[in-house]
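Proteins get letters first, then strands, A, B, ... in listed order; numbering begins at 1 in each.
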Amino acid sequence: IPMYYMKITAYAEELLSELDKLPGWPEQVRLMQKNWIGKSTGVRFAFPFELDGKAEKLWVFTTRADTIMGVTFCAVAAEHPLATRAAENNPELAAFIEECKKGGVAEADLATMEKKGMPTGIFVEHPLTGEKVEVWVGNYVLMGYGEGAVMAVPAHDERDFAFAKKYGLAIKQVIAAEGQEFSLDGWQEWYGDKTRGSCVNSGKYDGLAYDAAVDAIAADLAAKGLGEKKVQFRLRDWGISRQRYWGCPIPIIHCPTCGDVPVPDEQLPVVLPENVEITGAGSPLARMPEFYETTCPQCGGKAKRETDTMDTFVESSWYFLRYACTDNATAMVDERVAYWCKGGIDQYIGGIEHAILHLLYSRFFTKLMRDVGLIGDLGEPFANLLTQGMVVAPTFYRELDGGKKQWINPADVDVVTDERGRPTGATLRADGQPVVIGGTEKMSKSKNNGVDPQALIDQYGADTARLFIMFASPPDQSLEWSDAGVEGAFRFLRRLWKTVYDHVQAGLVAACTGNNALSSAQADLRRKLHQTLGKVADDYGRRKQFNTAIAAVMELLNAYDKCDLADAAGRALAQEVLESAVLMLFPIVPHIGQALYDELKPGQDAGKQAFPKADPAALVQSEIELVVQVNGKHRGSIRVAADADKAAIEAAALASEGAVKFMEGKPAKKVVVVPGRLVNIVA
RNA sequence: GCCGAGGUGGCGGAAUCGGUAGACGCAGCGGAUUCAAAAUCCGCCGCCGCAAGGUGUAAGGGUUCGAGUCCCUUCCUCGGCACCA
């Protein structure tokens with residue numbers, strides 16, 4: 001049981017509400033955190049009772065106070081104090097409680113677990129009606145949430161319903177919905193739907209819908225001093241004690257006379273010993289008197305240093321702030337954090353598996369450090385978050401005697417494909433004998449499907465390996481590893497290299513800066529260049545989708561190859577295109593990028609250049625192509641002046657070959673013109 | 001069970017705001033070059049069809065001039081959560 005906690009629940013409300021102020025975070029992660037924090041609004045109230053001659057109260061929490069008149073019993077968790085007391089003179093109940101505490105912790109069992117319970121023999125009083133209500137111990141009640149006890153309304157809670165049916169407890173309908181018949185035969189969805197229906201069999205509350213009923217009942221409970229509205233969070237406090245070596249020591253000294261005393265500032269940090277013996281059983285620190293024997297900072301007497309260490313999530317919750325002040329040997333962080341991390345880290349990248357723990361702890365720590373004055377007004381650590389997908393790879397195996405599978409690394413396998421390229425079989429390269437093709441799964445040691453990128457780097461170079469990985473899929477998607485595509489990345493870089501070399505061979509020229517001297521085809525290429533510049537900047541900066549950025553540069557190079565650039569204007573344009581292409585790819589292929597840039601601009605450093613900007617003037621077109629559709633089907637295209645009005649476009653479209661053919665002489669019912677895109681003629 | 005993301009050619013994927021589905025690349029096919037091969041270059045490449053054309057984004061329905069994209073129903077895959085009162 002952990003002894004030290006971080007009071008993360010104190011920040012539950014802020015951690016939840018500020019999720020809405022993180023536009024740079026994936027929606028999915030924000031939602032997962034929202035569900036994890038789990039805010040629910042309800043009523044906390046008490047059932048009074050008398051036990052051993054003393055007046056007491058059984059507190060419960062409910063989001064369905066409107067069904068309070070339907071309570072037919074109460075249920076408490078096995079760990080609840082009332083259960084413990086009831087078990088004192090009831091061995092059968094004690095045995096049941098023991099059974100509950102033992103089993104049912106395994107997550108998979110919980111969903112299918114049968115509802116079980118046992119009466120305590122204790123009766124409490126309904127706070128509004130004064131009726132006697134029996135208290136049961138139920139294995140479906142959690143001690144760690146709310147009060148560890150619930151009011152049971154079998155008619156309107158699915159779990160209570162199942163429980164009541166099993167043990168023959170009363171079921172009292174107190175909510176009715178129009179057009180719906182309540183029956184004890186089986187659970188129906190609408191019984192528990194608070195958005196439908198209103199109170200019945202509930203005395204003065206009859207006819208009230210959910211909100212009004214909850215308000216009225218909460219007010220009545222409050223008037224009796226037995227309850228009030230309450231916000232409840234699912235989030236628990238963070239137990240940070242670990243009985244292990246790896247972690248920051250908890251700086252507390254236990255003194256028999258002074259109690260738990262913090263290690264004084266001047267003795268910090270408490271440093272882990274290095275001569276440890278790691279046995280795998282318990283913390284090595286607890287077996288090292290030279291570590292834990294110390295004196296009390298207050299009274300100077302013999303004392304024991306804490307041997308628990310902190311959860312390693314503690315340090316990972318603020319390490320990134322430390323980058324702003326790594327040379328400070330006397331403090332955790334200093335005022336430089338407020339400057340460098342203002343508004344949050346610009347871009348944080350991590351696996352989606354950190355969505356809840358690390359990313360929530362970090363947000364908590366940032367708020368905590370802000371509130372103790374360490375980092376100015378920085379309240380959220382990460383302005384933009386990118387969660388990357390997993391890398392998966394095909395698996396191969398052979399069935400050994402006894403059905404055990406021997407997993408074979410993809411690197412040792414040759415895959416045979418049919419004439420369409422579909423895999424039909426695979427053989428082990430070492431012996432040429434067949435192996436079974438398994439599924440495609442996350443790379444793991446157990447499936448032996450990990451691929452070391454070093455082999456690619458050795459064969460093709462780091463730039464090719466990087467280009468291939470970036471081109472294969474967007475970073476937030478999982479990537480299926482197959483080195484088939486590497487050839488394509490390699491070919492592209494070789495082609496770029498040759499293109500630059502051929503251009504430079506003919507002599508150096510200055511890059512084109514305007515469209516004046518260009519032929520129409522050259523102007524088209526220059527427009528393509530500046531469109532590409534805009535797209536790549538957007539893909540890198542906003543969309544974080546590098547595969548399409550690379551594809552756009554490939555398209556640009558394809559267009560370059562098709563364009564006649566032999567004249568002087570063409571040479572200047574070639575220079576502009578190639579300089580830009582190299583700079584666009586430079587973040588992904590820095591080695592080749594620098595080598596080529598040095599060819600194009602001798603002595604210049606590609607990494608020090610500004611990212612080239614799209615020139616709006618290069619994007620202007622005098623004539624544009626529009627698609628012609630008839631009844632939404634693509635039937636041809638027309639070329640019109642870029643500034644053509646709607647009437648002229650309609651006329652041109654109606655006169656086009658495709659329109660004439662498919663209209664078959666009928667008049668158009670309607671013509672839809674989508675500016676810059678298409679014309680749809682409705683027959 | 002609940003929440004979330006997704007399902008597009010032989011494959012990875014593109015289509016950013018409802019507007020030409022399949023960009024870009026891999027694999028494949030045909031050709032050029034070569035003594036031959038590698039490399040390179042040119043062309044083809046969803047499916048049916050000789051073609052005209054039809055059809056096609058998991059399945060079915062709907063909204064719309066127009067749907068991969070929006071709505072409803074169903075199926076499947078992946079990820080997260082797990083009786084949260």
K.L.:
Contact class for A:Gln477 vs. all strands (heavy atom < 4.0 Å): base, sugar-phosphate, or nothing?
P.N.:
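Since only primed, P, OP1 and OP2 atoms lie under 4.0 Å of A:Gln477, the category is sugar-phosphate.
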K.L.:
Are any of A:Arg159's side-chain N or O atoms less than 4.0 Å away from OP1 or OP2 of B:C84?
P.N.:
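True: A:Arg159 side-chain N/O within range (under 4.0 Å) of B:C84 OP1/OP2.
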K.L.:
Please check if the number of heavy atoms outside A:Lys544 that lie under 6.0 Å from its NZ is greater than 12.
P.N.:
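Atom NZ in A:Lys544 is packed in, count exceeds 12.
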K.L.:
Classify A:Ser40 by what it touches in the nucleic acid, base, sugar-phosphate, or nothing, heavy-atom distance under 4.0 Å.
P.N.:
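If one applies the 4.0 Å heavy-atom cut-off, A:Ser40 turns out to touch the sugar-phosphate alone, with no base involved.
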K.L.:
For Watson-Crick and G-U wobble pairs within 3.5 Å on both distances, what is RNA chain B written in dot-bracket notation, | included for inter-strand pairing?
P.N.:
(((((((..(((......[....))).(((((.......))))).(((....)))..(((((..]....))))))))))))....
K.L.:
Look at the side chain of A:Arg542 against the base of B:U16 and say whether a donor-acceptor pair falls under 3.5 Å; ignore hydrogens and angles.
P.N.:
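Between B:U16 and A:Arg542, which were checked side chain against base, a qualifying N/O pair under 3.5 Å is present.
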K.L.:
Can you check whether A:Arg543 has a side-chain N or O nearer than 4.0 Å to OP1 or OP2 of B:A15?
P.N.:
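Yes.
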K.L.:
Answer yes if the side chains of A:Thr63 and A:Tyr210 hold a donor-acceptor pair under 3.5 Å, and no otherwise.
P.N.:
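No donor-acceptor contact under 3.5 Å links the two side chains.
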K.L.:
For a side chain to side chain contact (heavy atoms under 4.5 Å, CB included) with A:Val553, tell me which candidate from A:Val582, A:Leu585, A:Ile588 qualifies.
P.N.:
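For A:Val553, the side chain to side chain contact (heavy atoms under 4.5 Å, CB included) test succeeds with only one of A:Val582, A:Leu585, A:Ile588, which is A:Leu585.
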K.L.:
Going by atom types alone, do A:Tyr460 and A:Glu487 pair a side-chain donor with an acceptor below 3.5 Å?
P.N.:
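Indeed, the side chains of A:Tyr460 and A:Glu487 share at least one donor-acceptor pair under 3.5 Å.
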K.L.:
Looking at B:U16, I'd like to know if its phosphate oxygens (OP1 or OP2) sit under 4.0 Å from a side-chain N or O belonging to A:Gln545.
P.N.:
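For A:Gln545, the contact criterion (side-chain N or O under 4.0 Å from OP1 or OP2 of B:U16) is not met.
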K.L.:
B:A39 phosphate, OP1 or OP2: any side-chain N/O from A:Arg495 under 4.0 angstrom?
P.N.:
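No, A:Arg495 has no side-chain N/O under 4.0 Å of OP1/OP2 on B:A39.
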K.L.:
Are any of the side-chain nitrogens in A:Glu657 or A:Arg635 under 4.0 Å away from the carboxylate oxygens of its partner?
P.N.:
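The answer is no: the pair does not qualify as a salt bridge.
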K.L.:
Is any side-chain N or O of A:Arg635 closer than 4.0 Å to OP1 or OP2 of B:G53?
P.N.:
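The answer is no; no side-chain N or O of A:Arg635 sits under 4.0 Å from OP1 or OP2.
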K.L.:
Out of B:C81, B:A27, B:A23, which has the shortest distance to the side chain of A:Arg234?
P.N.:
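Comparing B:C81, B:A27, B:A23 against the side chain of A:Arg234, the answer is B:C81.
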K.L.:
What's the closest nucleotide to the A:Asn558 side chain, out of B:A23, B:A14, B:G25?
P.N.:
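Closest nucleotide to the A:Asn558 side chain: B:G25.
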K.L.:
Among B:C65, B:G19, B:G4, find the nucleotide with the atom closest to the side chain of A:Gln28.
P.N.:
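Closest of the options to the side chain of A:Gln28: B:G4.
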K.L.:
Is the base of B:U40 touched by the side chain of A:Lys498 through a donor-acceptor pair closer than 3.5 angstrom?
P.N.:
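No, no donor-acceptor pair under 3.5 Å.
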K.L.:
Do any side-chain nitrogens or oxygens of A:Tyr140 fall under 4.0 Å of OP1 or OP2 in B:A85?
P.N.:
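For A:Tyr140, the contact criterion (side-chain N or O under 4.0 Å from OP1 or OP2 of B:A85) is not met.
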K.L.:
B:U16, B:A85, B:G19: which one has an atom nearest the side-chain heavy atoms of A:Val674?
P.N.:
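Nearest nucleotide to the side chain: B:G19.
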K.L.:
For A:Phe468, answer base if it contacts any base atom (sugar-phosphate contacts may also be present), sugar-phosphate if it contacts only those atoms, and nothing otherwise; contact means non-hydrogen atoms under 4.0 Å.
P.N.:
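No contact at all - A:Phe468 keeps every heavy atom at 4.0 Å or more from the nucleic acid.
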K.L.:
Over all strands shown, is A:Lys669 touching base, sugar-phosphate only, or nothing at heavy-atom distances under 4.0 angstrom?
P.N.:
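Nothing, no heavy atom under 4.0 Å.
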K.L.:
Using atom types as modelled and distance alone, determine if a side-chain donor or acceptor of A:His156 lies under 3.5 Å from a backbone N or O of A:Val174.
P.N.:
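At least one qualifying donor-acceptor pair exists.
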K.L.:
Tell me which nucleotide among B:C83, B:U20, B:A52 gets nearest to the side chain of A:Arg677.
P.N.:
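Nearest to the side-chain atoms of A:Arg677, counting from C-beta on, is B:U20.
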K.L.:
Name the closest nucleotide to the A:His634 side chain, picking from B:U20, B:G13, B:C24.
P.N.:
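Closest nucleotide among those given: B:U20.
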K.L.:
Need to verify one output field. Residue with the more 5' nearest nucleotide on RNA chain B, A:Gly485 or A:Ser473?
P.N.:
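The residue mapped nearer the 5' terminus is A:Ser473.
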K.L.:
Any donor-acceptor pair under 3.5 Å joining the side chain of A:Lys115 to the base of B:C83?
P.N.:
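Under the 3.5 Å cut-off, the side chain and the base do form a donor-acceptor pair.
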K.L.:
Could you walk me through whether A:Lys116 and A:Glu99 pass the salt bridge (Lys or Arg N to Asp or Glu O under 4.0 Å) check?
P.N.:
CA-CA 11 Å; A:Lys116 280 188 193 163; A:Glu99 189 196 321; 3.5 Å; yes
K.L.:
Among the nucleotides B:G13, B:C65, B:G4, which one has an atom lying closest to any side-chain atom of A:Val672?
P.N.:
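The answer is B:C65, which lies nearest to the side chain.
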K.L.:
Counting side-chain heavy atoms from C-beta on, which of B:A39, B:A14, B:A82 comes nearest to A:Trp36?
P.N.:
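When the side chain of A:Trp36 is considered, B:A82 is the closest of B:A39, B:A14, B:A82.
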K.L.:
B:C24, B:C3, B:G12: which one has an atom nearest the side-chain heavy atoms of A:Ala472?
P.N.:
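Minimum distance to the A:Ala472 side chain belongs to B:G12.
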K.L.:
Reckon A:Asn547 has a side-chain N or O less than 4.0 Å from the OP1 or OP2 of B:C24?
P.N.:
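A:Asn547 to B:C24 OP1/OP2: no side-chain N or O under 4.0 Å.
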K.L.:
Within this structure, what is the CG-CE distance for the pair A:Leu496 and A:Met554, rounded to the nearest 0.5 Å?
P.N.:
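So the CG of A:Leu496 and the CE of A:Met554 are separated by 10.0 Å.
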